[in-house]
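Atoms within each ligand, like the ligands themselves, are counted from 1 in listed order. Along the sequence shown, residues carry numbers from 1.
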Amino acid sequence: MPLIFVYGTLKRGCKNHRHLAGQHYLGEARTVPGFRLYHLGSYPGMVADVSDTEGVTGELWSVDADALARLDAFEGIDEGLYRRAFVSLLAPYENESVNTYLYARDLAGHRALGPTWTER
Ligand code: PCA
C-alpha cells in the first residue's frame with residue numbers, strides 16, 4: 001500500500017481529514033531537513049529548500065490506491081497546485097518510500113512558517 005506524509009489540512013482534526021477516512025494511520029512523522037512550509041491562506045504548502053535545517057512535521061498514513069487517486073484529485077495535481085513527490089522521513093520511517101504533496105506554484109508573497117502547521 002502506498003504511504004503518504006500529510007502536513008496540513010489532511011491531518012487528524014483538521015478540515016480536510018475526511019479524505020483519509022478508512023485509511024490507516026501509522027504515526028507522527030518528520031521529514032529530513034531540507035523542506036519548509038509556507039502559509040497559503042487557509043492551508044499550507046511544503047517545498048524543498050536546501051537552506052532549511054528543521055524539516056516539517058506531520059503524519060504518516062498508509063492508503064489504498066483508490067484513496068491516493070482521490071487525494072491527488074482533491075489536492076489539485078492536474079491543476080498544478082501541488083505535485084506528488086517522494087520525501088525522506090526521520091526514524092523510524094527512514095527506510096520507507098513515502099509520498100507527499102509539494103506545492104507547485106510560485107511562492108512570491110507567501111510567508112514561511114515553522115516546522116509545524118496548525119489550523120488556528
Ligand atoms: N493538504 C495536504 C497538503 C497541504 C494540505 O493542506 C496535506 O495535509 O498534507
Side-chain angles (χ1 to χ4, degrees):
M1 299 261 256
L3 300 180
I4 187 145
F5 172 77
V6 301
Y7 55 85
T9 59
L10 294 173
K11 293 189 294 186
R12 295 171 302 164
C14 296
K15 65 178 175 186
N16 294 324
H17 181 63
R18 66 184 181 281
H19 295 287
L20 286 170
Q23 305 306 307
H24 184 61
Y25 172 73
L26 293 172
E28 305 275 339
R30 188 173 190 132
T31 73
V32 297
F35 294 92
R36 199 183 289 277
L37 288 178
Y38 281 80
H39 178 75
L40 303 174
S42 59
Y43 58 93
M46 183 168 78
V47 295
D49 182 339
V50 292
S51 73
D52 169 75
T53 60
E54 296 187 304
V56 168
T57 74
E59 300 174 357
L60 185 61
W61 287 75
S62 168
V63 299
D64 60 46
D66 286 352
L68 189 59
R70 289 194 302 269
L71 287 169
D72 284 356
F74 176 73
E75 296 296 346
I77 299 295
D78 288 348
E79 294 79 44
L81 180 61
Y82 292 91
R83 62 189 174 87
R84 183 151 54 79
F86 289 109
V87 65
S88 296
L89 301 181
L90 298 181
Y93 303 117
E94 70 273 32
N95 295 319
E96 307 291 344
S97 179
V98 178
N99 294 272
T100 195
Y101 294 108
L102 296 181
Y103 187 60
R105 290 189 182 158
D106 190 1
L107 287 168
H110 295 297
R111 69 182 160 84
L113 300 174
T116 303
W117 180 81
T118 51
E119 207 154 41
R120 57 187 149 262

Interfacing atoms of ligand 1 (cut-off 4.0 Å, heavy-atom, Tyr43)
6 (O)

Pair Phe74 + His19: ring centers closer than 6.0 Å:
yes

Around atom 1 (N) of ligand 1, find the nearest protein heavy atom and jot down its residue, atom name and distance.
Glu75 OE2, 3.1 Å

Identified side chain to side chain contact (heavy atoms under 4.5 Å, CB included) partner of Thr31 from the options Asp52, Thr100, Val98, Leu89:
Leu89

The protein heavy atom nearest to atom 7 (C) of ligand 1 is Gly8 N, 3.4 Å

Do any nitrogen or oxygen atoms of Lys11 lie less than 3.5 angstrom from nitrogen or oxygen atoms of ligand 1?
no

How close does the nearest protein non-hydrogen atom get to atom 9 (O) of ligand 1, and which residue and atom is it?
Tyr7 N, 2.9 Å

Is a donor from one side chain sitting under 3.5 angstrom from an acceptor on the other, for Tyr82 and Asp72?
no

Under the criterion side-chain contact (heavy atoms from CB on, under 4.5 Å), I'd like the reasoning laid out for Arg105 against Glu79: C-alpha separation, chi angles, the key distance, then a yes or no.
CA-CA 10 Å; Arg105 290 189 182 158; Glu79 294 79 44; 3.9 Å; yes

Suppose we measure from atom 6 (O) of ligand 1 to each protein heavy atom; which comes out shortest, and what is that distance?
Thr9 OG1, 2.8 Å

What about Leu10: any of its N or O atoms under 3.5 Å from an N or O on ligand 1?
yes

Given the rule that I, L, V, M, F, W and Y join up when any side-chain heavy atoms are under 4.5 Å apart, are Met1 and Leu60 in one cluster?
no

Charged N to carboxylate O below 4.0 Å: is that the case for Arg12 and Glu28?
yes

For ligand 1, is Tyr103 a contact, meaning one of its heavy atoms is under 4.0 Å away?
no

From CA spacing to verdict: ring pair (Phe, Tyr, Trp, His ring centres under 6.0 Å), His17, Trp61
CA-CA 12 Å; His17 181 63; Trp61 287 75; 5.3 Å; yes

Given Pro44, Gly58, Gly45, which one has a non-hydrogen atom that is nearest to atom 4 (C) of ligand 1?
Pro44

